[in-house]
Amino acid sequence: MPNVRFFSGETVPLEMHKVRVVQKLNLPPIEARLAAATEAGNNTFLLQNKDVFMDMLTDSGVNAMSDQQVAAMMVADDSYAGSATYTRLEAKLRDLFGMHWILPTHQGRACENILAQVLVTPGSIVPMNYHFTTTKAHIVLNGGSVEEIICEKGLQVTSSEPFKGDMDVAALERLVAEHGAEKIAFVRIEAGTNLIGGQPVSLANMAEVRAVCDRHGLTLVYDASLMADNLYFLKQREDACKDLSIREITRRIADLCDIIYFSARKLGCARGGAICIRDEQMYQKMRGLVPLYEGFLTYGGMSVREIEALTVGLEETMDEDMISQGPIFIEYMVNELDRRGIPVITPAGGLGCHIDVMRFLDHVPQAQYSAGALASALYIVSGIRGMERGTLSEQRNPDGTEPLANMELVRLALPRRVFTLSQVKYAIDRIDWLYQNRALVGGLKFVEEPEILRFFYGRLAPVSDWQEKLVAKFKADFGDSL
Ligand code: F0G
């Protein structure tokens, strides 16, 4: 997707696809949005889709498919065992990653379950650039623990560093020296670090991590769920990749790894997942768990239609026009917000635009779930559904105290090829209005707090009548406009 210069001088991202199937959207008036937010306990997970205008909750399983993917779904070979559809996926993964042994799963966290069951032993540790919620849960469930060794620049909210997802290689060496290589279950690199703003990992950093793994006989596992965005950033930002094709960069990454797994809800714009393994013995150890938890070895819990779509989607990931769409829209949004002085994570990464709520709502205490309050306020003033990524997403300590998150973020995901630029401009405009009126936004308190995964099901209420005041100001400024 190119950024083209208009005659007026403005530079605008230009879509390299056209829309051929559409879904009607609804933008209810602001009073109805306030009622829907209240009904949902101010938790965006509990909103009904009919009340949501732009669904920016996640990029998982909601990316637009291409005509070729949809067409491929029609020729799926529906059989329990020996499906030709599966053989096509296996061949595509072997071709792209150069790893022979493939295991299909129903989604990314299912890969994590299998990897953790086979590789993690009680007391072992898994160093990684940054954790993802489901990854950590499976490691902990199997008695292991996670050591996050993100490079120092990774946690700086505003920055111009191109690869904030890099691992601190010296810290990895220190961990090996301190615990011994036998305590390390595996080393994990997550492409496009999800929880800290979709920031990419450089190929140079991966090569350094590989060298440490070689010195100590460690297994290197790559979570490729957000690889499409990471590939685009490598092509753009790393000199060594400038003259390589996306396919060549893919193979350079894979050549450094022992195991690659992914959620096909993100990579390949379908639904499902897979583990790709270099070593046959490792494959043998994991294979038995697929029929146990997923399904037979030639579907792994996926529908054959999704497998066909995934195979085509993986090939389409080798097209720079395709993989650049998400990052370029995100960059447009992040830069426009930044230009207006609105605090966002910079530089723009993959997955979505991340609002830095500690600065956006610096008057709302973290203990009043400032990121949750902003997600609720944004829905009320725009019909946009984002995701809280802050204190509300943390688990309360056993003594009832509240661990305050390192970052308070509202994540606004941009599922691939789903939104148009005018919708993105609408989002920018309403966020801008909310920022100008941020003093009106107050905190939230729990009225129903589940013990586990409270961010999914918890219900909250405003600590004052701030939402009514926000609605009144919106009506004063916009009149009857939605
Ligand atoms: N790894 C990463 C980096 C992810 O972002 C996800 C999911 C998973 C693994 C698990 O994959 O959902 O197919 O089981 N991320 C979603 C999100 C849930 O909204 O960011 P899954």
Side-chain angles (χ1 to χ4, degrees), residues 43-45 55-63 103-116 126 128-141 146 148 150 154 164-165 167 186 188-201 221-231 233 253 257 259-276 293-295 300-303 306-307 309-310 313-314 326 330 345 349-354 371 375 385-390 392-393 407 409-416 418 453 455-456:
N43 181 346
T44 54
F45 277 101
D55 190 357
M56 303 182 90
L57 189 73
T58 179
D59 65 334
S60 170
V62 288
N63 299 293
L103 293 171
T105 66
H106 78 276
Q107 62 185 78
R109 65 199 71 182
C111 304
E112 292 167 343
N113 171 38
I114 293 170
L115 288 168
V126 184
M128 55 181 72
N129 49 350
Y130 211 74
H131 82 280
F132 183 68
T133 50
T134 55
T135 327
K136 186 171 173 176
H138 282 294
I139 290 166
V140 171
L141 203 62
V146 163
E148 274 169 352
I150 186 78
K164 291 205 297 185
M167 185 178 277
F186 59 91
R188 173 178 175 273
I189 293 182
E190 182 179 306
T193 44
N194 185 329
L195 296 186
I196 48 171
Q199 300 293 322
V201 183
V221 176
Y222 185 67
D223 178 347
S225 305
L226 290 168
M227 185 188 198
D229 301 338
N230 207 124
L231 282 169
F233 289 124
I253 294 173
C257 303
I259 294 174
I260 295 180
Y261 77 92
F262 62 93
S263 166
R265 300 176 65 83
K266 295 179 191 258
L267 185 68
C269 297
R271 284 159 204 87
I275 309 176
C276 311
Y293 291 103
E294 305 302 310
M302 286 182 269
S303 101
E306 295 289 351
I307 298 177
L310 169 57
L314 287 169
I330 293 162
I345 291 195
L351 205 166
C353 165
H354 296 75
R385 171 181 18 205
M387 188 190 285
E388 191 272 358
R389 294 268 90 159
L392 191 58
S393 296
M407 290 189 188
L409 303 176
V410 169
R411 176 179 96 174
L412 299 169
L414 277 115
R416 295 157 190 90
V418 168
L453 298 175
F455 63 97
F456 277 139

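Starting from 1, each residue takes its place in the sequence as its number. These numbers come from the heavy atoms of this one structure, side chains and all, not from hydrogens, waters or symmetry mates. Computed from a predicted structure; not experimentally measured. In listed order, ligands and their atoms are each counted from 1.
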Using a 4.0 Å cut-off to any heavy atom of [X], which atoms of ligand 1 qualify?
| X | answer |
| --- | --- |
| T58 | 17 (C), 19 (O) |
| G108 | 11 (O), 13 (O), 14 (O), 21 (P) |
| T134 | 10 (C) |
| E112 | 1 (N), 9 (C) |

### Query
Looking only at side chains, do E388 and T44 share a donor and an acceptor under 3.5 Å apart?
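No pair is found: no donor N or O on one side chain lies under 3.5 Å from an acceptor on the other.
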### Message
Side chains of E294 and T105 only: does a donor on one sit below 3.5 Å from an acceptor on the other?
### Response
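E294 vs T105: no donor-acceptor pair found between side chains.
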Closest non-hydrogen protein atom to [atom], residue and atom name please, with distance?
| atom | answer |
| --- | --- |
| atom 6 (C) of ligand 1 | F132 CE2, 3.3 Å |
| atom 3 (C) of ligand 1 | D223 OD2, 3.3 Å |
| atom 5 (O) of ligand 1 | N194 ND2, 2.8 Å |
| atom 13 (O) of ligand 1 | S263 OG, 2.6 Å |
| atom 17 (C) of ligand 1 | K266 NZ, 3.2 Å |

### Message
Test side chain to side chain contact (heavy atoms under 4.5 Å, CB included) on I345 and M407; report intermediate values, then the result.
### Response
CA-CA 10 Å; I345 291 195; M407 290 189 188; 4.3 Å; yes
### Message
Is it the case that ligand 1 has an N or O less than 3.5 angstrom from some N or O of Q107?
### Response
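Checking ligand 1 against Q107, an N or O pair does fall under 3.5 Å apart.
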### Structural part of R411 in contact with ligand 1, heavy atom criterion under 4.0 angstrom
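Side chain only; the backbone of R411 stays clear of ligand 1.
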### Query
With a 4.0 Å heavy-atom cut-off (strictly under), which part of R109 contacts ligand 1: side chain, backbone, both or neither?
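Both of them.
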### Message
Are the side chains of L195 and K136 in contact, using a 4.5 Å heavy-atom criterion?
### Response
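Contact flag for K136/L195 side chains = no.
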### Task
Might you work through the side chain to side chain contact (heavy atoms under 4.5 Å, CB included) test for L310 and M302, ending with a clear yes or no?
CA-CA 10 Å; L310 169 57; M302 286 182 269; 4.2 Å; yes
### Task
Would you confirm whether N63, through its side chain, and V418, through its main-chain N or O, come within 3.5 Å as a donor-acceptor pair?
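Not a single qualifying donor-acceptor pair exists.
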### Query
L226 and side chain to side chain contact (heavy atoms under 4.5 Å, CB included): which partner among L231, V201, D59?
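Testing L226 for a side chain to side chain contact (heavy atoms under 4.5 Å, CB included) against L231, V201, D59 leaves exactly one candidate, D59.
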### Message
Regarding R416 and D229, does a basic nitrogen lie under 4.0 Å from an acidic carboxylate oxygen?
### Response
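Looking at D229 together with R416, the answer is yes, because their closest N to O distance falls below 4.0 Å.
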